[in-house]
Each structure stands twice: as C-alpha cells, then as structure tokens.
Protein chains: 2
Amino acid sequence: MRAQLNARSLALLPSQPAPPASHSLFGSIELMGASMTFKKGAEIYGENEPADYVYKLISGTARSYQILNDGRRQIQDFYFPGDIFGLEAGPEHASSTEAMSDVSVLVVRRSAILSAATRDSDVASQLWAYTSRELHHARNHAMLLVKTAQERVASFLLQLAERCTGNAVELPMSRQDIADYLGLTIETVSRTLTQFQDEAAIELPSSRRVVLRNRLALNNLNA
Amino acid sequence: MRAQLNARSLALLPSQPAPPASHSLFGSIELMGASMTFKKGAEIYGENEPADYVYKLISGTARSYQILNDGRRQIQDFYFPGDIFGLEAGPEHASSTEAMSDVSVLVVRRSAILSAATRDSDVASQLWAYTSRELHHARNHAMLLVKTAQERVASFLLQLAERCTGNAVELPMSRQDIADYLGLTIETVSRTLTQFQDEAAIELPSSRRVVLRNRLALNNLNA
DNA sequence: CGGCGCCTTGAACCAAGTCAAGCTCTGTGG
DNA sequence: CCACAGAGCTTGACTTGGTTCAAGGCGCCG
C-alpha cells in the first residue's frame with residue numbers, strides 16, 4: 001500500500017540550479033520535480049517519516065490526518081489540484097497523507113526549495129506565505145471544532161462551495177471523511193444533511209452531490 | 001481600554017539598517033523595536049486591525065482569541081515571556097490579543113522584519129520557522145478539541161508543565177480562560193480538575209496552583 | 001440479480017452543558 | 001483587626017446534543 005520514494009525514484013530528481021523566480025512557490029523550481037502517481041487509498045507519506053519531499057497535487061484528491069491513541073482519525077485538510085502539501089519545517093511529517101482517488105503529484109525535494117529560498121527572497125517569501133495560509137486554515141478548523149454540528153456542516157459546505165462556481169457541490173469524500181474532518185460521527189453528519197434538506201437549505205440529488213438552495217440560511221449557521 | 005499605536009509612538013521606532021543576522025527572529029532587529037506596556041485586560045491589537053506591528057512579550061501573560069457570532073470566545077493561544085505574537089502574512093490581524101496581566105512588550109514594524117528578510121536569508125528562514133511552529137501548535141490545538149474533557153484538561157496541564165521545572169504548575173489564567181481554550185465550560189474544567197485530584201493525579205493547593213502527582217496517569221489521557 | 005459498501009434512520013444512552021446555589025478567597029473600609 | 005462585598009471557583013441537580021448500537025435502504029459493479 002505504501003508508495004516508496006527509494007533510491008531509484010530519487011535518481012529521477014535532478015538537482016540543477018533554480019531558474020529565475022516566479023510568483024508561485026513551485027513555479028521557480030517545479031521544473032526540477034518528478035511526477036508520481038498514487039492509487040486510491042495509497043499513503044503518500046506517513047507520520048514521523050522524514051519530511052524530505054514536498055508535493056503539488058496535479059489531479060485527484062488527498063487527505064491529511066493524524067490518528068489519536070484511541071484509534072480515532074482526525075482529518076486536518078483535504079487537498080485539491082493545485083494545492084501544495086507535505087511542507088514541514090521540522091525533520092519529520094507531523095501527519096499522514098493519503099490519496100482519496102487515483103492521484104498524480106509533482107514531487108520536489110524540500111532541500112531544493114530551502115536552498116532556492118536562501119538564494120531568492122521571492123521564494124522565501126512564498127514559502128512563508130504558504131505556511132501562513134496553512135496556519136489560517138488550521139485556526140479556522142479549530143474554530144469549527146467548537147461549534148454545533150449544524151454549524152460545522154454548514155461551514156464545511158460553504159467552504160467547499162468556495163472552490164466551485166454555481167451552487168452544485170461535488171463531494172469527493174465519504175461521510176466518514178466528512179465526519180473525521182468535522183469531529184462528528186457519520187450518523188450526525190448524515191442526519192444534519194437530511195435536516196438541511198428538510199429545511200430546504202440544500203438538495204441532495206445523490207449522496208455525493210449537494211446543491212445549495214439557501215446560502216443565507218447556511219451562512220447564519222456559519223458562526 | 002484600547003492601547004494606541006499612533007503617530008506619536010511610531011516616531012519612537014527608528015528605521016535604521018538591520019545589524020548582522022543572529023539566530024532569533026527578533027535578534028537581528030529587536031534593537032529597532034520600541035518598548036510598550038499594557039495594563040491587565042487591555043487589548044494589544046484587535047481582529048481586523050492592520051497587522052503593522054509584531055510583538056515580543058517581555059513580561060506578563062497574554063491571550064489571543066476570536067469571538068464566534070454567538071458571542072463565545074475561543075482562545076487560540078497563551079503567550080509567555082519570550083514569545084513572539086501578532087505576526088501575520090495578511091494585511092489584518094485574524095484574532096485579537098489581550099494582556100492577561102500587566103504586560104511589557106517589544107514592538108517592531110512588520111515591514112522592518114519583512115524587508116530584513118529580503119536582505120538576509122537567515123531572517124527569512126526564522127520567519128518561516130516561527131510560522132511553522134505556530135502551525136504545529138494550531139494543529140495540535142485542533143486535535144485537542146476533538147478529545148474528551150478529561151483528555152483536554154490532562155493535555156493542557158502537561159503542556160503547561162513543559163514550561164516549568166518540577167511538578168508545580170502556576171496557572172496564570174482563570175478557569176474561564178482555560179475553558180475557552182479547551183472548548184469546554186468552566187464547570188466542566190472545575191469538575192475535571194477535582195476529579196483528577198480525587199484520583200490523586202494532581203493536587204490543588206490553591207485554584208491557581210497545580211502539582212502534578214501522577215504524570216503517567218495524565219499522559220495516558222493525553223491521546 | 002445478488003452481494004457489498006456506503007448511507008440513512010430509529011431508539012436508547014451518556015458526556016458535557018445549563019441553571020442554580022453556595023463556598024472561598026481577596027481586597028477594602030470602618 | 002474584623003466585617004463585608006464581590007469576583008472567581010466548586011458542587012449539585014437536571015437537561016440536551018451528539019454518540020452508540022442496531023436495523024434497513026440504496027446504488028453500483030461483477
């Protein structure tokens with residue numbers, strides 16, 4: 001199940017000097033990256049593994065999570081195409097990341113990014129901005145976790161809807177994934193969605209498809 | 001109540017070139033900072049205010065928090081002497097920070113730090129490392145918020161104990177502060193502490209003083 | 001068309017919240 | 001030095017939102 005980045009695949013990563021800076025963190029160095037694919041359910045990296053690589057999601061969806069000592073899984077983030085993940089300041093990954101579908105990623109050595117950052121202050125600035133955005137996300141997530149079930153689900157739907165145009169939202173994750181992201185059980189997520197449908201705030205044409213009918217009602221719950 | 005950084009106080013902040021880099025983020029530039037004091041309960045900065053200054057806590061204790069639309073307060077972090085706070089990548093503060101006691105801080109213009117970072121890659125690297133540490137803290141905090149009350153309180157005590165030597169922990173914050181940090185009510189915090197005392201895991205010689213008697217028992221709860 | 005994941009629904013239960021006293025410091029003024 | 005007031009903390013009784021446990025439905029793929 002675990003995809004390996006072994007000496008063989010490492011040979012695919014050339015270490016040439018970075019081209020001139022661009023505005024995206026990966027922009028200036030992504031030509032150095034290798035492309036990799038992971039099957040649905042495969043682990044891209046695991047907690048406590050050396051954080052030697054940074055990933056940019058090209059296609060598919062991924063989730064990062066930690067496991068509590070009682071076995072519960074807390075999902076920290078979902079990643080969509082264009083998202084960067086796996087970047088850590090410490091030597092090891094603090095969470096695991098899995099492919100939720102077949103996934104293709106661009107892989108770059110962390111050391112390449114760090115050394116580019118010492119040479120190019122634009123890269124350094126992007127590095128900081130990226131981590132800062134993650135920090136905001138993590139704090140918003142923490143705010144979510146003290147709300148009621150209705151507020152959590154409403155916030156989640158609105159958050160997903162931001163990535164879409166129109167009111168139709170495709171859910172690339174299962175009810176269990178949603179529950180583990182929101183700190184609820186699948187039953188509560190399911191009941192809450194049904195309740196929103198009963199209140200005509202949303203429609204559920206299928207279990208993986210949500211149409212927002214009354215954004216205002218959801219927003220009122222979005223503490 | 002609100003302490004102001006007005007044109008007058010700004011004049012106190014010279015903008016000379018940074019001295020050679022050191023290992024601390026503030027190290028290389030803190031000579032540029034102005035010292036300020038805040039009375040207990042005073043707001044150091046508020047949510048949505050321009051994030052033009054960065055603070056280093058010299059003495060006292062501070063808390064950063066957000067208010068939910070139902071009026072509940074979620075504390076994100078407590079700051080102790082030596083801690084840096086108020087550093088944001090975005091233009092505005094995403095949370096408010098208040099003095100929990102009389103406080104003295106060193107204040108530096110964010111722009112001074114950012115421009116130092118473009119000149120000196122060590123500063124840039126410290127900037128990133130600092131934000132990355134905050135990110136870890138925020139994610140750990142999110143993990144806390146899905147645990148049981150006992151686990152949250154135990155984790156909190158152990159977390160505070162890390163800053164102390166020995167088993168005696170001084171609590172610089174009220175039960176309400178603890179509750180708002182842990183996403184619980186004061187009653188639950190109080191009951192849980194009493195329960196730990198009944199189980200001989202801690203002693204409570206006074207309400208603001210905790211002695212850890214059985215760290216192992218607490219650690220077993222520390223998911 | 002049958003089997004298996006995934007999702008929904010119902011009923012009972014429980015951890016934490018709410019509401020309401022009462023207690024314990026601490027500081028203040030007589 | 002003591003009486004008192006007020007804030008902060010604890011404790012008890014009751015309520016409740018969300019979990020747990022259990023059953024059943026739906027849809028998808030071989």
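Chain naming here is simple, since letters A, B, ... match the order of the sequence lines and numbering starts at 1 in each. Worth saying up front: this structure is predicted, and the values here are computed from it rather than measured.
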Novice: Of all nucleotides in DNA chain D that come within under 4.0 Å of a heavy atom of chain B, which is furthest toward the 5' end and which toward the 3' end?
Specialist: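 Range of nucleotides within reach of chain B: D:dC9 to D:dA13.
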Novice: Kindly write out the residues that satisfy side chain to side chain donor-acceptor pair (under 3.5 Å) with A:D70, not counting sequence neighbours, or none if the list is empty.
Specialist: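 A:D70: side chain to side chain donor-acceptor pair (under 3.5 Å) contacts with A:R72.
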Novice: Would you check if the side chain of B:S101 reaches a backbone N or O of B:T61 as a donor-acceptor pair within less than 3.5 Å?
Specialist: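 Judged by distance alone, yes, a pair lies under 3.5 Å.
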Novice: Which donor-acceptor pairs under 3.5 Å do the side chains of residues 135-142 of chain B make with protein atoms, sequence neighbours left out?
Specialist:
residue	atom	partner	partner atom	Å
B:H136	ND1	B:S132	O	3.2
B:H136	NE2	A:E88	OE1	3.3
B:H137	NE2	B:Q76	O	3.4
B:H137	NE2	B:D77	OD1	3.2
B:R139	NH2	A:E134	OE1	2.8
B:N140	ND2	B:H136	O	3.4
B:H141	NE2	B:Y181	O	2.8

Novice: Expressed as a whole number of angstroms, how long is the span from B:R175:CZ to C:dC25:P?
Specialist: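 Between P of C:dC25 and CZ of B:R175: 13 Å.
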Novice: What pairs with A:D83 under salt bridge (charged side-chain N to carboxylate O under 4.0 Å, His left out), at least two apart in sequence or on another chain?
Specialist: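 Scan of A:D83 (salt bridge (charged side-chain N to carboxylate O under 4.0 Å, His left out), adjacent residues dropped) gives A:R163.
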Novice: With sequence neighbours excluded, what pairs up with B:T148 under the side chain to side chain donor-acceptor pair (under 3.5 Å) test?
Specialist: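 B:E151.
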Novice: Rounding to 10 degrees, work out the angle separating the end axes of the helix from C:dC1-D:dG30 to C:dG30-D:dC1 (five pairs an end).
Specialist: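 Both end axes considered, the difference amounts to 30°.
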Novice: Kindly write out the residues that satisfy salt bridge (charged side-chain N to carboxylate O under 4.0 Å, His left out) with B:D177, not counting sequence neighbours, or none if the list is empty.
Specialist: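 For B:D177 the salt bridge (charged side-chain N to carboxylate O under 4.0 Å, His left out) partners, ignoring immediate neighbours, are B:R63, B:R73.
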Novice: As an exercise, state the distance from OG of A:S104 to CG of A:L57, rounded to the nearest 0.5 Å.
Specialist: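 CG of A:L57 is found 7.5 Å from OG of A:S104.
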Novice: By a strict heavy-atom criterion of less than 4.0 Å, which residues belonging to residues 205-222 of chain B are in contact with DNA chain C?
Specialist: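 Those residues whose heavy atoms fall under 4.0 Å from DNA chain C, taken from residues 205-222 of chain B, amount to none.
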Novice: Please tabulate, one pair per line, all N/O donor-acceptor pairs under 3.5 Å involving side-chain atoms of residues 199-207 of chain B, not counting sequence neighbours.
Specialist:
residue	atom	partner	partner atom	Å
B:E199	OE2	B:Q195	NE2	2.8
B:E203	OE2	B:R213	NE	2.3
B:E203	OE2	B:R213	NH2	3.1
B:S206	OG	B:R208	N	3.4

Novice: Nearest 0.5 Å, what's the OH-CD1 distance between A:Y65 and A:I75?
Specialist: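 Nearest 0.5 Å value for the OH-CD1 distance: 9.0 Å.
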Novice: List the atom of B:N222, the atom of B:K147, and the distance in Å for their closest heavy-atom pair.
Specialist: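 Heavy atoms only, the tightest pair is OD1-NZ, 3.7 Å.
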Novice: Near DNA chain C, under 4.0 Å by heavy atom, which residues of residues 184-191 of chain A?
Specialist: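 By residue number: A:E187, A:S190, A:R191.
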Novice: Kindly state which residues belonging to residues 142-151 of chain B come within less than 4.0 angstrom of DNA chain D, counting heavy atoms of the residue only, listed by number.
Specialist: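 Of all residues in residues 142-151 of chain B, none places a heavy atom under 4.0 Å from DNA chain D.
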Novice: A:E187: what forms a salt bridge (charged side-chain N to carboxylate O under 4.0 Å, His left out) with it, not counting sequence neighbours?
Specialist: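 Testing A:E187 for salt bridge (charged side-chain N to carboxylate O under 4.0 Å, His left out), a comparison that skips the adjacent residues, returns none.
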